[in-house]
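Input: a single structure, listed below in structure tokens.
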Amino acid sequence: MKLSAISKTSWGLLAAALMLWVLLFWPTLVQLESVWQGSDTYSHAYFIPLIVLWLLHRGQAGSTELPKADWRPLILLLPLLFLWLIGFASDTGALAQLAAIVCLQLILVGWMGLRLAKHHQFAVFYLIFMLPFGEELHPILQNITADLSVWFLHLASIPVFREGLYLTTPVGHFEVAVACSGLRFLITSLAIGTLYAHLTYQSLWRQLLFLVALILFSVLANGLRAFLLIYIAEQTNMAYGFGDDHYVYGWLVFGLVLLIMFWLGGKFSDYPTESTEQTTTVPATDKPIEHQTAATQISGIAQGFTLLQFCYLAALFAGFMLWRQSLPLATVPATPSAALLASDAMPAADSDWGIEFVASQKQSLLKTADGFEFFRAEYAHRQQQGELVSWSNKLFKAKHWTITARRPWQHNGLEAEVITLKSLGGNSRTLLYWYQVGDQTTVSSWRVKLAQTVALLSGSSAVGQFNAVSVNAELNLDDQKLQQAVQRLQQWETAHGG
């Protein structure tokens, strides 16, 4: 594909369409970039647009096709925009970000046309790695890392006692924390490995086989890394393994895994070698290749988005932009009200288990003489800052506590979850919690987001709540006591107009 054969009008309409995309999705894009900036797991996403541009430039040499806009991808934008609006209205960042990136892919495919888009399909697909995904895998990966660490320690004849994510050896106590789950390593490996597989293999099954092997090897390597840190600490009486060298060992393992996988993967490449390419015969054609290229250029010089297609995009984006701006937006008070439960309620920072809900409209913590703690936070369905379900909200302080057990709990239509926490010091707590929107109670984040979206779009005045009851686990909190605790919380809510 010769760039010079594409008209300036076609380039201009594409640039204008991309500007409309940025304007409509600007709040979502700002939120997306803040995730990249705030988490090392997704810092690689800054390079994805540059890699995609390089892939598109690289792919030009292999195609004589020119863009020929297609209506079909552009029609698919309509349901995607509704999906984005639902995610935007409910503050479901993952849904809004996914819809925004897929809309970008559809715009590119619509401008190129299906024939040219098929040639550049990997470059368009690779934009998906701009999305932050995989956070829900942290608990699974933490448990796998703990399992592998225990297995390796047994192989090394080191006695170990495991309780949840805590590992105790003769030299000390260790926790498989969130940072030790290996998610950062896994996501980065997947992004790099997908690009490597595309450049190394032609067949899809080889690409998928390499990625599966890379994922399995990455998970195994992270377990080995955690074991080595414990082993080094065990052999040096905690002198090494958990200082600054902790990060050095992690990056060494990461680099070693990639080098091994790329070295092994390169041996099974199915692309023709240089000598094979030199002996490949060129099939005969009716006219010289340069004449075919020139003819293709002449016939396609005015192709790309037509003015009618661009007007359709502009009208579609303008309509959803007006709809976006019409959604109500609540302002977060400088100091959240603490009068939800009782006049003697206190800040959440005083809780014994470290609960933290950021930028709520109202929140309070109440401690009772018999050892109970009650927490409640309220959020508008759409706020300028903060949201009811968010990665920044913490149910407990992860540095001090780990979950040793969890189970669903129901009573009189209330759907909640009970978890048991344990600290490195051996203390235990029982925690009962649930979300509530109107009359609906749940612990499912997706059900909360859906209920908030329905309430927002229907004009309901109901607020979103998070409720929690916590007590020292040594009090043997059974279901009857949990029921009594929930009733006390509901009675305080009624008495104080909650």
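Note: T194 OG1 to L190 CG = 4.5 Å, rounded to the nearest 0.5 Å. We find the OH-CG distance between Y231 and L228 to be 9.5 Å, quoted to the nearest 0.5 Å. Interatomic distance, CG of L431 versus OG of S470, reported as 5.0 Å (0.5 Å rounding). To the nearest 0.5 Å, atom CE of residue M261 and atom OG of residue S189 are 9.5 Å apart. Going from atom CG of L450 over to atom OG1 of T442 covers 10.5 Å, rounded to the nearest 0.5 Å. Between atom CG of residue L183 and atom OG1 of residue T145 there is a gap of 10.5 Å, rounded to the nearest 0.5 Å.
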(request) Apply the test side-chain contact (heavy atoms from CB on, under 4.5 Å) to residues Q440 and Q436: give CA-CA distance (whole Å), side-chain angles for both, the deciding distance (0.1 Å), then the verdict. (result) CA-CA 6 Å; Q440 182 176 347; Q436 184 164 348; over 6 Å; no
(request) Go through the steps to decide whether T430 and V469 satisfy the test side-chain contact (heavy atoms from CB on, under 4.5 Å), and finish with yes or no. (result) CA-CA 8 Å; T430 297; V469 179; over 6 Å; no
(request) Just do the ring pair (Phe, Tyr, Trp, His ring centres under 6.0 Å) check on F210 and Y196 with the steps written out, would you? (result) CA-CA 9 Å; F210 175 82; Y196 177 84; 5.3 Å; yes
(message) Under the criterion side-chain contact (heavy atoms from CB on, under 4.5 Å), I'd like the reasoning laid out for E417 against Y433: C-alpha separation, chi angles, the key distance, then a yes or no.
(response) CA-CA 6 Å; E417 185 174 55; Y433 74 95; 2.5 Å; yes
(message) For a side-chain contact (heavy atoms from CB on, under 4.5 Å) check, start with the C-alpha distance between L220 and V257, then their side-chain angles and the critical distance, and finish with the verdict.
(response) CA-CA 10 Å; L220 179 63; V257 166; over 6 Å; no
(request) Could you go through the side-chain hydrogen bond (donor to acceptor under 3.5 Å, both in side chains) check for Q97 and Q31 one step at a time? (result) CA-CA 8 Å; Q97 292 159 17; Q31 184 186 49; 3.3 Å; yes
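In plain terms, the two heavy atoms of L56 and A123 that are nearest each other are CD2-CB, 3.7 Å. Taking all atoms of both residues into account, the shortest heavy-atom contact from V219 to L148 is O-CD1, 3.6 Å. The heavy-atom pair separating N222 from C180 by the smallest distance is ND2-O, 3.0 Å. The two atoms that bring W401 and N427 nearest to each other are CZ3-O, 3.4 Å, heavy atoms only. When all heavy atoms of I232 and T236 are compared, the pair lying nearest together is O-OG1, 2.7 Å. A146 and L165 make their closest contact through CB-CD2, 4.4 Å (heavy atoms, listed as atom of the first residue, atom of the second, distance).
A donor-acceptor pair under 3.5 Å links the side-chain atoms of Q363 to the main chain of F357, judged by distance alone. With R406 contributing its side chain and V418 its backbone, the two residues share no donor-acceptor pair below 3.5 Å. Checking side-chain atoms of W84 against main-chain N and O of L98 turns up no donor-acceptor pair under 3.5 Å. Side chain of W36 to backbone of M130: a donor-acceptor contact under 3.5 angstrom is found. Between the Q465 side chain and the E378 main chain, no donor and acceptor come within less than 3.5 Å of each other. The backbone N or O of F88 sits less than 3.5 Å from a side-chain atom of R382, completing a donor-acceptor pair. One N or O on the side chain of T404 and one on the backbone of T420 form a donor-acceptor pair closer than 3.5 Å. No side-chain donor-acceptor contact under 3.5 Å links T92 to the backbone of L95. Between the side chain of Y126 and the backbone N or O of A191 there is at least one donor-acceptor pair closer than 3.5 Å. Of the possible donor and acceptor atoms, none in the side chain of Q325 sits under 3.5 Å from a partner among the backbone N and O of L327.
Using a 4.5 Å heavy-atom threshold, the side chains of H381 and V437 count as touching. Considering only heavy atoms from C-beta on, H120 stays 4.5 Å or farther from F125 through its side chain. A heavy-atom distance below 4.5 Å is found between the side chains of I51 and L195. Residues N467 and F374 are not in side-chain contact: their nearest non-hydrogen atoms beyond the backbone lie 4.5 Å or more apart. Side-chain atoms of F375 and S364, non-hydrogen and from C-beta on, never get closer than 4.5 Å to each other. In this structure, L421 and T402 have side chains that are not in contact, with every pair of non-hydrogen atoms separated by 4.5 Å or more. Side-chain contact check for L167 versus S149: some heavy-atom pair is nearer than 4.5 Å. Under the 4.5 Å side-chain criterion, counting only non-hydrogen atoms from C-beta, W21 is in contact with I107.
Considering E136, E135, Q142 in turn, E135 is the only one that fulfils the side-chain hydrogen bond (donor to acceptor under 3.5 Å, both in side chains) rule with H138.
Heavy-atom neighbours of D270 CG from other residues, nucleotides or ligands within 6.0 Å: above the threshold of 12. Shown here is Y46, whose OH atom has more than 12 heavy atoms of other residues, nucleotides or ligands within 6.0 Å. Summarising the local packing, NE2 of H411 is surrounded by more than 12 heavy atoms from other residues, nucleotides or ligands at distances under 6.0 Å.
Side chains of H173 and T168: a donor on one and an acceptor on the other come within 3.5 Å.
Residue pairs that meet the salt bridge (charged side-chain N to carboxylate O under 4.0 Å, His left out) test with at least one member in residues 142-152, sequence neighbours left out, are D147-R162.
Here K422 pairs with E163 in a salt bridge; the nearest charged N to carboxylate O distance falls below 4.0 Å.
The side-chain tip of R447 does not point at the ring of Y435 from less than 6.0 angstrom away and within 45° of straight on. Geometric assessment of R376 against the ring of F466 yields a negative cation-pi assignment under the 6.0 Å and 45° thresholds.
In this structure, F82 has its ring center under 6.0 Å from that of W323.
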